[in-house]
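Report on the following structure.
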Amino acid sequence: MAEPRENLQMEKIVSLCKRRGFVFQSSEIYGGINGFWDYGPLGAELKRNVKELWWQAMTRQRDDVAGLEATILMSPKIWEASGHVATFSDPMIDCKTCKGRFRADQTGEISCPQKPSQCVQQCHGEKTEARAFNLMFQTYVGPTATAEDLAYLRPETAQAIFAQFKNVMETARQKVPFGIAQVGKAFRNEVTPRNFIFRSREFEQMELEFFIKPDEVIEAIHGAVATPEIPGPDSPALEPQPNWGWQAWHQYWVEERVRFYQGIGLDRSTLGFHRQTPQELAHYARACTDILFKFPFSKKDEQGNVIGDELEGVAARSDFDLSQHQRFSGKPMGVFDDELRAAWAKLPKEKSDDLWRRYYENRKNYLLKSGVEAEPASRQATDDANGLAKGQYIPHVIEPSAGVDRLILALLANAYSETTETDDKGKSETRVTMRFHPRVAPIKVGVLPLLKNKPDIVKKALEIRDALRPWMNVFYDEAGSIGRRYARQDEAGTPFCVTIDFDTLGENPERLDTVTLRYRDDGRQERLKISELRDWLLARIR
RNA sequence: GCGGGUGUAGUUCAAUGGUAGAACGGCAGUUUUCCAAACUGCUCACGAGGGUUCGAUUCCCUCCACCCGCUCCA
């Protein structure tokens with residue numbers, strides 16, 4: 001059984017996180033609280049770096065994405081529209097005899113684990129009353145704590161993006177296709193928080209909702225929907241094209257996201273992919289590709305290959321979300337497209353009839369599945385399809401949704417490496433090095449005076465620290481032997497250290513104003529001029 | 001929520017029905033000290049609450065947390 005070893009690996013990581021200040025248990029002095037974790041000094045830096053890199057890549061480096069920072073508490077109607085009020089509060093029944101737990105509305109369909117010939121409803125197990133399992137945290141807005149004041153802590157950040165879709169589009173002066181990005185906390189009262197920070201009750205998400213034209217619109221404007229080749233891992237990323245349909249956009253975002261992970265040190269070989277099957281997909285979703293990371297606790301498939309657990313889901317969610325908010329709020333969520341209206345007028349009749357029909361079917365299908373009666377559904381779908389001919393449509397969306405804390409855990413697991421060395425006396429010791437990519441490393445450079453009792457060396461070291469500080473996170477350390485300080489920085493994952501010695505001060509005139517630069521991963525050292533230090537480091541940490 | 005396991009310094013471990021030791025770490029100091037050097041000194045723990053007992057870290061109960069399995073995972 002390989003399980004104890006994998007468990008050991010997680011235990012080592014958890015222990016290091018505590019010891020070095022990456023992650024602490026929340027409320028530890030009171031015995032902790034299940035499903036909540038705090039980030040210590042190094043963890044806070046690591047997390048900040050990750051979020052900033054995401055924000056940089058997803059918004060600032062692009063013309064077609066705008067940012068948003070919405071509130072955690074919102075109108076509860078948002079969660080009715082999104083479906084969370086309904087799906088997050090399933091009544092459950094426990095069986096005291098067989099220890100099973102079942103959805104109360106399915107006891108007539110699920111077979112009893114002990115007597116598969118009978119359904120749960122019929123078997124003789126002693127069952128509890130149905131109890132509501134609401135996975136959304138509740139609170140009250142206002143002092144009266146009545147049912148009208150009930151509110152929920154958001155279980156995902158995405159819905160605020162949909163709710164603010166029109167405002168953002170207008171103020172950012174964007175046109176479809178474009179996206180809205182948001183980073184923020186989300187809360188789920190998980191039944192079983194597990195695996196350290198992998199599944200917790202308070203967590204952070206980095207979500208993009210990228211709005212695209214429905215395929216019918218692309219066809220009307222461009223004649224056909226493009227199906228581009230997926231570029232190989234080493235070829236340059238695709239440039240988005242105006243004639244892309246949802247499949248091309250979906251593939252594009254999966255690829256973009258994988259490149260992001262590679263850019264912060266997660267090699268493709270550490271990742272896995274899972275394309276959700278039709279059974280797994282939500283009814284409104286067209287496709288969803290999960291990007292997985294092979295965690296120490298991840299399970300293996302029949303062939304013994306590690307499967308991985310979800311870092312991010314890239315979902316093609318059709319026009320479901322905006323449609324829901326349009327229906328529940330009564331506010332139009334569609335957009336108007338000049339190009340579409342002009343193109344539509346020039347379409348051959350059979351083409352426009354075909355597109356009209358397909359759009360109509362999609363809209364009717366959505367409405368029926370959302371519980372709208374047949375007749376009003378077809379009336380509404382007719383209106384929607386007529387709107388298409390006038391240049392109006394509800395955008396579809398591609399949603400790359402990533403968990404920050406899961407990514408942090410992936411980076412920790414990926415960086416963790418240990419080497420055991422045996423000295424002359426036969427005493428062996430294990431050293432840990434956190435091989436973070438310099439972009440995410442909490443500390444970029446350690447500044448170390450060789451000796452702390454030599455004022456000139458210390459003074460010079462402090463000057464260097466102060467010169468680098470505005471540009472990167474610097475850690476100054478003068479305590480203990482130089483080797484000990486290197487080792488401390490290795491455990492923190494600091495990619496570079498500079499050491500100031502007597503040569504720096506001119507004891508060896510050729511080396512005046514130079515420092516030792518030491519690499520974390522192999523201990524290699526070279527001599528670098530102080531005047532070149534800042535640019536040398538900046539080139540490697542960005 | 002159910003079943004199993006675990007809970008002793010910051011970390012990893014030890015011992016004990018008579019209130020706890022070590023290693024490593026951390027802090028301070030000495031040292032022209034470049035890979036956890038050496039030496040000196042110091043700091044830090046029985047998850048919480050009850051019960052049994054003259055006395056509980058040790059036995060019992062409850063709770064909390066962590067790990068594993070089941071369940072859940074929009």
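Per chain, numbering begins at 1; letters A, B, ... match sequence-line order. Computed from a predicted structure; not experimentally measured.
Consecutive pairing runs in RNA chain B reach the stem threshold at B:1-7 with B:64-70, B:10-13 with B:21-24, B:26-30 with B:38-42, B:47-51 with B:59-63, where a stem means at least three Watson-Crick or G-U wobble pairs with distances under 3.5 Å.
Taking 4.0 angstrom as the limit, A:Arg484 places a side-chain polar atom (N or O) nearer than this to OP1 or OP2 of B:rA37. For A:Arg488 and B:rC35, the shortest distance from a side-chain N or O to OP1 or OP2 is not below 4.0 Å. Contact annotation: A:Asn189 side-chain N/O to B:rC72 OP1/OP2 distance is not under 4.0 Å. Proximity of A:Lys12 to the phosphate of B:rC67: no side-chain N or O atom is located under 4.0 Å from OP1 or OP2. At least one side-chain nitrogen or oxygen of A:Asn34 sits closer than 4.0 Å to the OP1 or OP2 atom of B:rC66.
One can place CZ of A:Arg431 at 13 Å from C1' of B:rC24, the figure rounded to the nearest angstrom. Atom CG in A:Leu292 sits roughly 18 Å away from atom P in B:rC73 (whole-Å rounding). The nearest whole Å value for the distance from the OH atom in A:Tyr486 to the C1' atom in B:rA37 is 15 Å. Going from atom CE of A:Met10 over to atom P of B:rC68 covers 8 Å, rounded to whole Å. The separation between A:Gln525 atom CD and B:rC35 atom C1' is 8 Å, rounded to whole Å. What separates NE2 of A:His84 from P of B:rC72 is a distance of 18 Å, to the nearest Å. Rounded to whole Å, the distance from CZ on A:Phe198 to P on B:rC67 is 13 Å. At whole-Å resolution of the value, CG in A:Leu409 and P in B:rC67 are 11 Å apart.
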Is there any protein nitrogen or oxygen under 3.5 Å from a nitrogen or oxygen in nucleotides 39-46 of chain B, and what are the pairs?
none

Close N or O pairs between protein and nucleotides 7-13 of chain B (under 3.5 Å):
{"from": "B:rG10", "atom 1": "O3'", "to": "A:Lys18", "atom 2": "NZ", "distance (Å)": "3.2"}
{"from": "B:rU11", "atom 1": "OP1", "to": "A:Lys18", "atom 2": "NZ", "distance (Å)": "2.7"}
{"from": "B:rU11", "atom 1": "O3'", "to": "A:Ser15", "atom 2": "OG", "distance (Å)": "3.1"}
{"from": "B:rU11", "atom 1": "O2'", "to": "A:Ser15", "atom 2": "OG", "distance (Å)": "3.4"}

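Taking the P atom of each, B:rC67 and B:rU8 are spaced 14 Å apart, rounded to whole Å. B:rG3 and B:rG55 are spaced 36 Å apart, taking the C1' atom of each and rounding to whole Å. One C1' atom belongs to B:rA56, the other to B:rG50, and the distance between them is 13 Å to the nearest Å. Distance check on atom P: B:rU6 versus B:rG10 gives 23 Å, rounded to whole Å. For the P atom pair drawn from B:rC24 and B:rC42, the interatomic distance equals 16 Å after rounding to whole Å. Here the separation of B:rC66 from B:rU12, taken at their P atoms, is 15 Å to the nearest Å. For the C1' atom pair drawn from B:rG17 and B:rC44, the interatomic distance equals 26 Å after rounding to whole Å. Comparing the same atom, C1', in B:rC39 and in B:rG5 gives a spacing of 44 Å after rounding to whole Å.
Interatomic distance, A:Glu156 CD to A:Ser82 OG, rounded to the nearest 0.5 Å: 6.5 Å. Separation of atoms CG (A:Leu450) and CG (A:Leu505) is listed at 10.5 Å; rounding is to 0.5 Å. Interatomic distance, A:Trp536 CH2 to A:Arg540 CZ, rounded to the nearest 0.5 Å: 4.0 Å. Once rounded to the nearest 0.5 Å, the distance linking CG of A:Asn34 with CD of A:Gln25 reads 9.0 Å. Separating the CD atom in A:Gln138 from the CG atom in A:Leu153 is a distance of 10.0 Å, to the nearest 0.5 Å.
Contact check for A:Lys529 versus A:Asp513: no side-chain heavy atoms found under the 4.5 Å cut-off. Within the 4.5 Å cutoff, no side-chain heavy atoms of A:Val432 are placed close to those of A:Lys12.
No donor-acceptor contact under 3.5 angstrom links the side chains of A:Gln324 and A:Tyr284, judged on distance only. Side chains of A:His274 and A:Glu280: a donor-acceptor N/O pair is present below 3.5 angstrom, by distance only.
Residue A:Leu448 is classed as having no contact, given no heavy-atom separation below 4.0 Å to the nucleic acid. At the heavy-atom level, A:Tyr30 lies nowhere under 4.0 Å from the strands shown. At a threshold of 4.0 angstrom between heavy atoms, the contacts of A:Arg194 include nucleobase atoms, whether or not backbone atoms are also involved. A:Asp321 comes within contact range of no nucleotide atom at all, as no heavy-atom separation falls under 4.0 Å. Looking at heavy-atom distances under 4.0 Å, A:Arg20 makes contact with a base. Looking at heavy-atom distances under 4.0 Å, A:Asp501 makes contact with a base. Note on A:Gly313: nothing from the nucleic acid sits closer than 4.0 angstrom, heavy atoms only.
Among the nucleotides B:rG29, B:rC72, B:rC68, the one closest to the side chain of A:Leu135 is B:rC72. When the nucleotides B:rC72, B:rC34, B:rU32 are ranked by their closest atom to the side chain of A:Glu190, B:rC72 comes out on top. Closest approach to the A:Asn453 side chain among B:rC27, B:rA36, B:rU32 is made by B:rU32 (side chain taken as heavy atoms from C-beta onward). You'll find that the side chain of A:Arg527 is closest to B:rC34, out of B:rG29, B:rC34, B:rA28. With B:rU32, B:rC68, B:rC72 as the candidates, the nucleotide lying closest to the side chain of A:Leu451 is B:rU32. Taking the side chain of A:Gln25 as heavy atoms from C-beta on, and the options B:rC68, B:rG69, B:rC66, the nearest nucleotide is B:rC66.
A salt bridge does not link A:Lys77 to A:Glu80: none of the charged nitrogens lies less than 4.0 Å from a carboxylate oxygen.
For a distance-only test at 3.5 Å, the side chain of A:Thr516 qualifies as a donor-acceptor partner of the base of B:rC34.
A side-chain hydrogen bond (donor to acceptor under 3.5 Å, both in side chains) with A:Thr516 holds for exactly one of A:Glu526, A:Arg527, A:Gln525, A:Arg511; it is A:Arg527.
Taking for each of A:Ser481 and A:Thr192 the nucleotide of RNA chain B with the nearest heavy atom, the 5'-most of the two is the partner of A:Thr192. Judged by closest nucleotide on RNA chain B, A:Gly32 is the one of A:Gly32 and A:Glu156 placed further toward the 5' end.
The aromatic rings of A:Phe293 and A:Phe295 lie perpendicular to each other, with more than 60° between the two planes, well past the 30° mark. Classification of the A:Phe187-A:Phe137 ring pair by plane angle, with boundaries at 30° and 60°, yields perpendicular. Ring geometry for A:Phe162 against A:Phe211 counts as perpendicular: the plane angle is over 60°, on a 0 to 90° scale with 30° as the lower cut.
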Do A:Ile161 and A:Val397 pass the side-chain contact (heavy atoms from CB on, under 4.5 Å) test, and can you show the C-alpha distance, the side-chain angles, and the key distance before you say yes or no?
CA-CA 11 Å; A:Ile161 294 179; A:Val397 69; over 6 Å; no
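You can call A:Phe502 stacked on the base of B:rU32; the centres are under 5.5 Å apart and the planes sit within 30°.
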